[in-house]
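Just follow the structure's listing: the first ligand is 1, and inside any ligand the first atom is 1.
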Amino acid sequence: MKNILITGALGQLGSEIALALRAIYSNQNVVLVDIRNDINKQLIIDGPFYISDCRDREKIIQIVKKHNIDTIIHLAAILSARGEMDPPHAWDININGLTTILEIAKEFNCSLFTPSSIGAFGSSTPKDNTPQVTIQRPSSIYGITKVAGELLCDYYYNKYNVDTRGVRFPGLISYLTPPGGGTTDYAIEIFYEALRNKRYVCPIQADTYMDMLYISDAVQAVIDLMNADPNKLKHRNAYNITAMSFSPRMIANEIKKHIPEFEIVYEIDPVKQRIADSWPNKLDDSEAREQWGYNPVYDLEKMVYDMLDKISRRLCCA
Ligand code: NAD
Ligand code: AKB
């Protein structure tokens with residue numbers, strides 16, 4: 001990786017990857033693209049930034065040529081809960097956006113990272129220790145686009161030798177940029193409500209388990225996979241990764257250790273609950289650990305401590 005383009009760069013994940021990669025490769029060598037510019041102003045000021053739709057082939061090609069891009073990190077997407085509000089739009093952005101970027105990666109010989117998700121699994125998938133290779137029949141439009149995306153990336157690698165790589169991210173937990181409309185967003189919202197109001201109305205049932213990953217471990221996973229020896233990658237576009245599996249009750253209990261008055265109540269969102277019920281409880285990520293040294297640092301206890309610390313500092317300075 002020398003000259004990197006990030007699409008969807010102002011989003012929850014993109015903003016954190018952009019910061020980390022600019023610290024390693026310099027501001028000028030990490031070029032950002034998004035369809036909005038109303039957030040993360042510092043990233044926009046610090047280095048090259050373009051407003052562009054990832055489906056706009058000509059504009060993305062201009063940017064790739066101008067900055068001599070060799071690596072694309074394609075993150076522009078519609079997430080699971082938002083996707084259910086307008087499925088054709090989710091399909092258009094997630095699939096036509098990815099196809100446009102894959103074609104450009106092929107034409108300009110770029111490596112490409114694009115994430116899949118635990119959303120690529122469905123209710124017929126084994127729920128516990130979900131294997132790396134298993135049944136994938138998701139019921140959300142988001143999940144359908146994620147399985148198709150995994151297969152498209154395999155296709156471009158096998159047919160055109162494009163260096164595509166990806167992981168199946170679990171719910172990502174972070175504090176810099178708000179989440180973009182996913183089913184796992186509750187695991188971020190809960191911290192803001194605990195600190196502001198000592199009460200959280202949770203849209204997911206108390207004992208629904210999902211995999212989660214703290215943002216610094218997610219960013220490190222992207223860097224490690226992109227730098228991994230290609231000869232060792234057996235599942236290059238869809239590695240299961242996780243760091244913790246918890247339910248709303250468990251994260252609430254962990255927060256109560258720091259804020260004893262905190263209470264959680266439940267008002268179930270049927271759309272989010274249906275999606276959450278169809279996702280695994282806990283992935284088996286042993287192949288990522290063996291093949292490219294995936295090794296997350298944060299568990300539930302450390303993550304809750306750090307989130308409360310970071311968000312309370314932000315709230316008191318706001
Ligand atoms: P997000 O919604 O926070 O950010 C997505 C960004 O893409 C936004 O800034 C949005 O403005 C931009 N965007 C949307 N449509 C665009 C378009 N047509 N052209 C250019 N930019 C566009 O999402 P995120 O959480 O940062 O997710 C990034 C990627 O990671 C997605 O592929 C998502 O499926 C995957 N992922 C995220 C999580 C998670 O928990 N956040 C988990 C699994 C996988
Ligand atoms: C979502 O909930 O849609 C995302 C994801 C796990 O893919 N956070």
With heavy-atom distances below 4.0 Å as the criterion, list the atoms of ligand 2 near [X].
{"X": "Thr183", "value": "1 (C), 2 (O), 3 (O)"}
{"X": "Gly182", "value": "1 (C), 2 (O), 3 (O)"}
{"X": "Ser80", "value": "1 (C), 2 (O), 3 (O)"}
{"X": "Trp279", "value": "1 (C), 2 (O), 3 (O), 6 (C)"}

[atom]: the protein heavy-atom neighbour that sits closest, reported with distance to 0.1 Å:
{"atom": "atom 3 (O) of ligand 1", "result": "Gln12 N, 2.8 Å"}
{"atom": "atom 8 (C) of ligand 1", "result": "Asp34 OD2, 3.6 Å"}
{"atom": "atom 21 (N) of ligand 1", "result": "Ala76 CB, 3.4 Å"}
{"atom": "atom 15 (N) of ligand 1", "result": "Ile35 CD1, 3.5 Å"}
{"atom": "atom 33 (C) of ligand 1", "result": "Tyr142 OH, 3.6 Å"}
{"atom": "atom 8 (N) of ligand 2", "result": "Thr184 OG1, 2.8 Å"}
{"atom": "atom 5 (C) of ligand 2", "result": "Ser117 OG, 3.5 Å"}

May I ask you to test the Tyr239-Gln291 pair for a side-chain heavy-atom distance under 4.5 Å? yes
The one among [options] that brings a heavy atom closest to [atom]:
{"atom": "atom 30 (O) of ligand 1", "options": "Cys54, Pro115, Gly97", "result": "Pro115"}
{"atom": "atom 32 (O) of ligand 1", "options": "Glu16, His89, Lys146", "result": "Lys146"}
{"atom": "atom 5 (C) of ligand 1", "options": "Gly180, Ala9, Ala77", "result": "Ala77"}
{"atom": "atom 4 (C) of ligand 2", "options": "Leu13, Leu213, Ile118, Leu79", "result": "Leu79"}

For ligand 1, which is the ligand I care about here, please tell me if [X] has any N or O atom under 3.5 Å from one of the ligand's N or O atoms.
{"X": "Val33", "answer": "no"}
{"X": "Asp53", "answer": "yes"}
{"X": "Leu13", "answer": "yes"}
{"X": "Arg36", "answer": "yes"}
{"X": "Ser117", "answer": "no"}
{"X": "Arg55", "answer": "no"}

At the 4.0 Å heavy-atom cut-off, does Gly171 count as touching ligand 1? yes
Between ligand 1 and Thr7, can you find any atom pair, the residue atom being a heavy atom, that is separated by under 4.0 Å? no
Is there a donor in the side chain of [X] and an acceptor in the side chain of [Y], or the other way round, less than 3.5 Å apart?
{"X": "Asp284", "Y": "Asn129", "answer": "no"}
{"X": "Asp154", "Y": "Asn158", "answer": "no"}
{"X": "Tyr156", "Y": "Glu103", "answer": "yes"}

Under 4.0 Å, heavy atoms only, figure out whether ligand 1 is touched by the backbone of Leu79, its side chain, both or neither. side chain
Passes side-chain hydrogen bond (donor to acceptor under 3.5 Å, both in side chains), Asn237 versus Thr164? Steps please. CA-CA 6 Å; Asn237 292 311; Thr164 52; 3.0 Å; yes
At their closest point, which heavy atom of Ser174 faces which heavy atom of Gln12, and how far apart are they? OG-NE2, 2.9 Å
Any idea which atoms of ligand 1 are less than 4.0 Å away from a heavy-atom of [X]?
{"X": "Gly11", "answer": "3 (O), 4 (O), 9 (O), 26 (O)"}
{"X": "Ser116", "answer": "43 (C), 44 (C)"}
{"X": "Leu75", "answer": "28 (C), 29 (C), 31 (C), 32 (O)"}
{"X": "Ser52", "answer": "19 (N), 20 (C)"}
{"X": "Pro170", "answer": "40 (O), 42 (C), 43 (C)"}
{"X": "Leu10", "answer": "9 (O)"}

So is Asp185 polar-close to ligand 2, meaning N/O to N/O under 3.5 Å? no
Run Ser80 and Thr183 through side-chain hydrogen bond (donor to acceptor under 3.5 Å, both in side chains) and show every step you take. CA-CA 6 Å; Ser80 59; Thr183 304; 2.7 Å; yes
